[in-house]
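See below for the structure under consideration.
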Amino acid sequence: MNLTIHNCPDEKFEEIIDSSVHYFASQLIGKNILKSITINLKFVEELDSYGTSLVTGYNQSGKPRVFDIEVRNHLNAKATLKTIAHEIVHVKQFAKDEVDPPLTMWKGKKIDTKKVEYYKLPWEIEAYGLTYGLYINFCIENKLWEHLKGIENPYEMRKEKITWKDI
């Protein structure tokens with residue numbers, strides 16, 4: 001995978017961002033596809049959501065292989081990593097032809113996005129469903145709570161009986 005990071009707000013955090021993108025993608029995308037993917041991750045000042053992902057290029061077979069991910073600048077570390085995990089799920093969906101770039105088909109089935117609420121769209125259900133697990137496992141593998149303010153040790157959270165509303 002070829003990754004370029006633009007406008008990262010913190011040089012020290014950029015290494016973690018780089019590592020997180022590679023980790024999330026490797027968990028979701030097979031090695032053969034992953035070798036041919038390019039991701040341009042951009043931190044932007046004004047964005048209506050925490051993040052977006054767009055297909056910006058295709059291979060010779062017409063498969064999506066170049067992606068732009070935009071992440072709202074100045075999010076805390078936890079929100080940034082969870083946003084990146086969410087957007088990498090969308091990259092996986094595009095790269096594996098699970099969803100088409102105009103967002104009208106899901107796994108071969110036509111979806112009328114005007115009639116389906118955002119949180120009921122199948123690609124969003126999958127992305128939201130995978131986000132937290134990817135994020136937690138990345139934190140555990142890298143013991144991020146030892147390095148970043150605002151990142152909790154998931155094992156300590158379990159002992160404290162953190163509820164879903166706290167996440």
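Side chains included, hydrogens not; waters and symmetry mates left out as well; all remaining heavy atoms used. For the single chain, residues carry numbers from 1 onward in sequence order.
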Distance (rounded to the nearest 0.5 Å) between [X] [atom1] and [Y] [atom2]:
{"X": "H86", "Y": "Y50", "atom1": "NE2", "atom2": "OH", "result": "12.5 Å"}
{"X": "I136", "Y": "I151", "atom1": "CD1", "atom2": "CD1", "result": "8.5 Å"}
{"X": "L103", "Y": "E124", "atom1": "CG", "atom2": "CD", "result": "8.0 Å"}
{"X": "S20", "Y": "L41", "atom1": "OG", "atom2": "CG", "result": "8.0 Å"}
{"X": "E70", "Y": "E45", "atom1": "CD", "atom2": "CD", "result": "12.0 Å"}

Remaining members of the apolar cluster that contains L47, side-chain heavy atoms under 4.5 Å
V44
Can you tell which of E87, Q27, E98 makes a side chain to side chain donor-acceptor pair (under 3.5 Å) with K92?
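The residue from E87, Q27, E98 that satisfies side chain to side chain donor-acceptor pair (under 3.5 Å) with K92 turns out to be E98.
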Path from V89 to L34 over hydrophobic side-chain contacts below 4.5 Å:
yes
Does V116 share a hydrophobic cluster with Y118, counting links as ILVMFWY side-chain heavy atoms below 4.5 Å and allowing steps through other members?
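As far as the 4.5 Å side-chain criterion goes, Y118 and V116 are connected within one cluster.
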Can you check whether [X] reaches [Y] side chain to side chain, under 4.5 Å on heavy atoms?
{"X": "D97", "Y": "P64", "value": "yes"}
{"X": "I88", "Y": "I69", "value": "yes"}
{"X": "F138", "Y": "Y135", "value": "no"}
{"X": "L121", "Y": "W106", "value": "no"}
{"X": "V21", "Y": "M1", "value": "yes"}
{"X": "K82", "Y": "Y132", "value": "yes"}
{"X": "I17", "Y": "L81", "value": "yes"}
{"X": "Y23", "Y": "N142", "value": "no"}

Which atoms form the tightest heavy-atom contact between [X] and [Y], and what is the distance?
{"X": "A127", "Y": "Q93", "answer": "N-NE2, 4.2 Å"}
{"X": "W145", "Y": "I140", "answer": "CZ3-CA, 3.7 Å"}
{"X": "H22", "Y": "D18", "answer": "ND1-O, 3.0 Å"}
{"X": "F94", "Y": "P101", "answer": "CE2-CA, 3.6 Å"}
{"X": "L134", "Y": "F24", "answer": "O-CE2, 3.4 Å"}
{"X": "A95", "Y": "R65", "answer": "O-NH1, 3.1 Å"}

Counting distance only, does the side-chain N/O of S19 pair as donor-acceptor with the main-chain N or O of E15 below 3.5 Å?
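No, because the side chain of S19 does not come within donor-acceptor range (under 3.5 Å) of the backbone of E15.
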Does the side chain to side chain contact (heavy atoms under 4.5 Å, CB included) test come out yes or no for F67 and V55, once each step is laid out?
CA-CA 5 Å; F67 306 91; V55 176; 3.8 Å; yes
Taking it one step at a time, do K12 and H147 satisfy side chain to side chain contact (heavy atoms under 4.5 Å, CB included)?
CA-CA 10 Å; K12 294 176 188 173; H147 308 287; over 6 Å; no
